Student: 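Sharing a structure with you now.
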Amino acid sequence: MTDNRPVLITGGCGFIGCNLADRLAERGENVLVLDNLARAGVRENAQWLKSRHGDRVAVTIADIRDPIPVIDAVREARAVLHLAAQVAVTDSVSDPASDFEINARGTLNVLEAVRLHNRQAPVVFASTNKVYGRLIDDSAITLTGQRYVPTSDGLTGGVSEHTPLDFYSPYGCSKGTADQYVHDYARVFGLRTVVMRMSCIYGPRQFGTEDQGWIAHFLLSAIRGNPLTIYGDGKQVRDALHVSDAVSAWLAALDRVELVSGRVFNLGGGPRNAISLLELIEQIGSLTGRDVAYSFADWRPGDQPWYVTDTSTLSAALGWAPQVEVAEGLRSLHSWLQSRFGSSNGSREAMA
């Protein structure tokens, strides 16, 4: 018998959430989005979803810090994809209490709603690579060209799920707390949960800022001719994952939750899609035909000089692997940003 109940996506008008909602609706599923519409661009993403899918996507304006609407939404869902969060390290430093209430308490509200009112609903949670802290000391990295690389052979394939947790920054603490609650609710209460520790997701519908979504921020700055500030020396490395690949991983976990319930996965682009900030600036210059002006500032709390995901555990469990390489992904993001924020639209719409 077909289950027509909606998939609940908290934070479903955000960048990753709206791409998940779009893919689910495209394959004929009903989607219930719960979002407080507080961030820039989310109202536009909500309108985009409604224009594409009509009544197949329902939007409830609510905050995960309020348990009542969370309970109401969870009761009618067949599954929960939990992405609502405070997402900027800088904001967590300026307001740690709010960061905790959203990321830690808000996640506990979601878990309790599932435990008490719909315990058969799978829960897939958006965690972060920041749960591993700074990860590598300066003495454990070396410089190769314009990027840092680890000196340990054990990190050649990237960071695995066996890496010890070391929360760093209030954001790392709040997301790490939520990460461990989601994992533990599978062990203690038998909920069907999956944790996705994500690294540098990028792509269309991303309204990047200096504090979050750095690839989109770099590209948008180039389109507008705005100078960039690089925190650190620009040689820090991340593995970039296109949002279409991230969505495929999430839906694979949802569709095969019986295989992966109670597990934690690192989700990123892997060594093939690793890139330093300076290397990205070069690619953006080639893509846009414009030199990108930038200056340097001090490292920020919790900044990692190197982070690359080992995706082998996720690949072995679900047969998933990244399909979009960085150059192709940058072109898709550039095309969307150019159509949305290019000269014909101007910067006036940036905060719509």
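Sequence positions, counted from 1, serve as the residue numbers for this chain. As the structure is a computational prediction, the values presented were derived from the model and not from experiment.
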Student: Would you find a donor on one side and an acceptor on the other, under 3.5 Å apart, between the side chain of Glu161 and the backbone of Asn266?
Tutor: yes
Student: Taking Arg115 first and then Glu112, would you say they form a salt bridge - that is, a charged N and a carboxylate O separated by under 4.0 Å?
Tutor: yes
Student: Would you say the side-chain atoms of Thr311 pair up with the backbone N or O of Leu267, donor to acceptor, closer than 3.5 Å?
Tutor: no
Student: Under 3.5 Å, is there a donor-acceptor pair between the Ser160 and His162 side chains?
Tutor: no
Student: Around atom OH of Tyr168, are there more than 12 heavy atoms of other residues, nucleotides or ligands at under 6.0 Å?
Tutor: no
Student: Kindly say whether Ser199 contributes a backbone atom to a donor-acceptor pair with the side chain of Arg238 at under 3.5 angstrom?
Tutor: no
Student: May I ask you to decide if Ala126's main-chain N or O and Lys175's side chain share a donor-acceptor pair within less than 3.5 Å?
Tutor: yes
Student: For Val89, does its backbone N or O pair with a side-chain atom of Ser92 as donor and acceptor, under 3.5 Å?
Tutor: yes
Student: If only atom types and distance count, is the side chain of Thr144 paired as donor or acceptor with the main-chain N or O of Arg147 below 3.5 Å?
Tutor: no
Student: Examine distances only and state if a side-chain atom of Arg192 and a backbone atom of Gln120 form a donor-acceptor pair shorter than 3.5 Å.
Tutor: yes
Student: Phe207 ring centre to Arg39 NZ or CZ under 6.0 Å, with the angle to the axis within 45°?
Tutor: no
Student: Are any of the side-chain nitrogens in Asp3 or Arg5 under 4.0 Å away from the carboxylate oxygens of its partner?
Tutor: yes
Student: Say whether, by atom type as modelled, one donor and one acceptor occur between the side chain of Asn103 and the main chain of Gly172 under 3.5 angstrom.
Tutor: no
Student: Closest heavy-atom contact between Thr193 and Val182?
Tutor: OG1-O, 2.9 Å
Student: Let me know which of Thr163, Thr128, Asp179 forms a side chain to side chain donor-acceptor pair (under 3.5 Å) with Arg197.
Tutor: Asp179
Student: Kindly say whether Gly262 contributes a backbone atom to a donor-acceptor pair with the side chain of His183 at under 3.5 angstrom?
Tutor: yes
Student: Evaluate salt bridge (charged side-chain N to carboxylate O under 4.0 Å, His left out) for Arg65 paired with Asp63, printing each intermediate quantity in order.
Tutor: CA-CA 5 Å; Arg65 287 171 288 187; Asp63 195 302; 2.8 Å; yes
Student: Kindly write out the residues that satisfy ring pair (Phe, Tyr, Trp, His ring centres under 6.0 Å) with Tyr307, not counting sequence neighbours, or none if the list is empty.
Tutor: none
Student: What's the shortest heavy-atom distance between Phe341 and Arg224, and which atoms?
Tutor: CD2-NH2, 3.4 Å
Student: With distance as the sole criterion, is a donor-acceptor pair present between the side chains of Tyr231 and Glu210 under 3.5 Å?
Tutor: yes
Student: Report yes or no: does Asn129 contribute a side-chain atom to a donor-acceptor pair with the main-chain N or O of Thr309 at less than 3.5 Å?
Tutor: no
